[in-house]
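Beneath this line is the structure, given in structure tokens, with notes to follow.
Just so we're on the same page: letters track the sequence lines, and every chain starts at 1.
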Amino acid sequence: MGAYVIRRLVQAVFTIFGVMLVTFLLFRVVAGDIAGAHLGPKATEQQKREWLKKYGYDRPLLINRQPDTRWYDTQFAHYVSTTATFKTRSLINNEKLSDTILERAPYSLAITVPALALGWALAMVVSTLVAYYRASLIDHVGVFLAVLGMCVPYLAFIMGGQWLMFKVAPSMAYGLANPFNIFVPVVISVVAGLGGSVRFYRTVILDETTRDYVRTAQAKGVPLPSVMFKHILKNCMLPILTNLIMAIPFLIMGSLLLELFFGIPGLGDLLLSSITNRDEPIVSGLTFLTALIYVLGTLATDITYVIFDPRVELT
Amino acid sequence: MTTTAPNPAILAAPVQQGRSLWGDAFRRLRRDPAAVACFLVIGAYVALAVGAVYWYPDFLETQNYSERNLPPSADHWFGTDVFGRDVLAKTLLGARVSMTVGFMANAIAVPLGLALGVLGGYFGKWIDDLVVWLYTTLASIPGIILLIALKYAFQGIILFEGTFIELNLSGIHGLYIALGVLSWIGTCRIIRAETLKLKSLDYVTAARASGQGRVRILVRHIVPNLLHLAIINFTLGFVGAISAEVILSFLGLGVEVGTPSWGTMINAARLDLVVGRWWEAVAACAAMFVIVLALNIFGDRLRDALDPKLRI
């Protein structure tokens, strides 16, 4: 067990390093003329050089081979040390990333946490219902609606929801003048995700329903609802919770489009504006943040699995 | 001594031919009305996408300022847009972008996933470690962020300028590549797991015992048994590519400015809904809904037909 946890931790460190490397290559190497993008087309070579020097973009990329310098005095080392501590500063307004995150994260969390909880609860209820009445009309209609819901474009849900709010209560269709407005994107997010979740949860529940222990329980005369709630749902929780944990980091940025449509100043909104402004340190920092949460989430899930399911082999 | 003559009835009976996996899958799909219907829908989209280029070759020059923002009518079935252009034409040209992006992205991603998955699964050791590290790393970064970032980094880059394979990475070519190099992870995972399983089966051991080389076993005995998984992933991967194209184009990071696509249509019509001009956004969303539904159902049926182990 201890060895397994240590091995998974080492793997996580390698993954995090990989994320750093990928984002570094993407934003520093592929991205091209960043000084030109910030200074405008009229900037002279001299100005560009000064700009690059000011922000440390003139250092060697990976290894410093110049005499009288430390070999690790490079862009990559600097990038890793500032990004991993969230000390990196915006190129636009020089604000520290950790401050910006603290200021904006509550808005994103105000959408994603209720959306995740409500979405999970609602999908659980609906999928238990359709699985309980499997192969009946309720099941067929439920699955049909779930598939239809999965195929409606996400943008259509957002636009439709916003349009509906304009018709019903125009003051709630944009911005946060009224704190209750936050529930509009939450509801849209829940409805948009319901189809996919119901379909997945139903498959998981039905997989469990065909197992031997369920038949044994029924043969012993345990009533069906009791089998459903006491045995099946309990055993379904592991895959479902895994699915849920994996969704968390994506939800943090996943509300990107919702924040854009409803004018909510969260992290998704920050990411989009930083990308348009070529605010490289902020984009890297936010990407790193989501990757970090994802890696820690998977680590937690794997360890939970080992604790709760003795059948899982430690590999 | 008597010789028993062969029973003529047995000789006359037709030889019972075994069906291959592919023949069997084809038969199953043909008998499944939902699969046939979805296949026809997909075929219709491809046909319309190809036809649209010939029907509306100079769509961008068809501005007509006396016919701006007209609701659907007999002349313009889907109405007209802010420049007085036919929304039906725009939707069909958008289908062309979506279908091409779906095809090209998967034409890059699926072979890439297949190659990496087979290499990692079959050769093991450090090659496998490298492949697993690569896909865990990429999977840790939310796909949409990586796509936006890659597409952003691509801006203004033109590869092989002036040659016949010129690639303008700011536009649709960049979409093919960005989606292609980012969406192989699912295919790779499945292929790697299946390769690990096949590698330890008796027929592979038998092939090795008969003296066949590693590369020969890989090419002749393992890869052919993985192709059905690649085909399934190709179909299901279309949905992801189409959705990603729409979101990127909506954000202005997809196709070149001015190219009709469902994403740019939704972006253009986004603020029109409030004033009652619903037709452009609805046309784009409905077109996307129908093809995504058809691809999802067809992909599921294809998987059921091609993956006999899933059958009960």
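Counting only heavy atoms from C-beta outward, the side chains of Ile148(B) and Leu272(A) approach each other to under 4.5 Å.
For the options Asn296(B), Leu295(B), Leu293(B), heavy-atom pairs under 4.5 Å to chain A are most numerous at Leu293(B). Contact count against chain B (heavy-atom pairs under 4.5 Å) is highest for Ile275(A) among Val152(A), Ile275(A), Leu21(A), Val19(A).
Between the CG atom of Leu251(B) and the CG atom of Leu256(A) there is a distance of 7.0 Å, given to the nearest 0.5 Å. Atom-to-atom distance recorded for Leu138(B):CG and Thr15(A):OG1 is 11.0 Å, nearest 0.5 angstrom. Distance check: Leu146(B) CG to Thr287(A) OG1 gives 8.0 Å after rounding to the nearest 0.5 Å. In this structure, the separation between CG on Leu260(A) and CZ on Phe250(B) is 5.5 Å, given to the nearest 0.5 Å.
Atom CZ of Arg104(A) has more than 12 neighbouring heavy atoms from other residues, nucleotides or ligands inside a 6.0 Å radius.
Scanning residues 129-137 of chain B against chain A with a 4.5 Å non-hydrogen threshold yields Trp133(B), Thr136(B), Thr137(B), sorted by number. Heavy-atom proximity under 4.5 angstrom to chain B picks out Val147(A), Leu148(A), Met150(A) from residues 141-150 of chain A.
Closest approach of Ala156(A) and Cys285(B) over heavy atoms only: CB-SG, 3.6 Å.
Interface residue Phe166(A): only side-chain heavy atoms are found under 4.5 Å from chain B. For a residue to count as touching a neighbouring chain, one of its non-hydrogen atoms must lie under 4.5 Å from one of that chain's; by this rule Ile242(B) does not touch chain A. Of the two parts of Phe261(A), the backbone and the side chain both hold a non-hydrogen atom closer than 4.5 Å to a non-hydrogen atom of chain B.
Residue pairs meeting the ring pair (Phe, Tyr, Trp, His ring centres under 6.0 Å) criterion with at least one member in residues 274-307 of chain B, sequence neighbours excluded, are Phe39(B)-Phe298(B).
Not counting sequence neighbours, the partners of Thr23(A) by the side chain to side chain donor-acceptor pair (under 3.5 Å) test are Tyr79(A).
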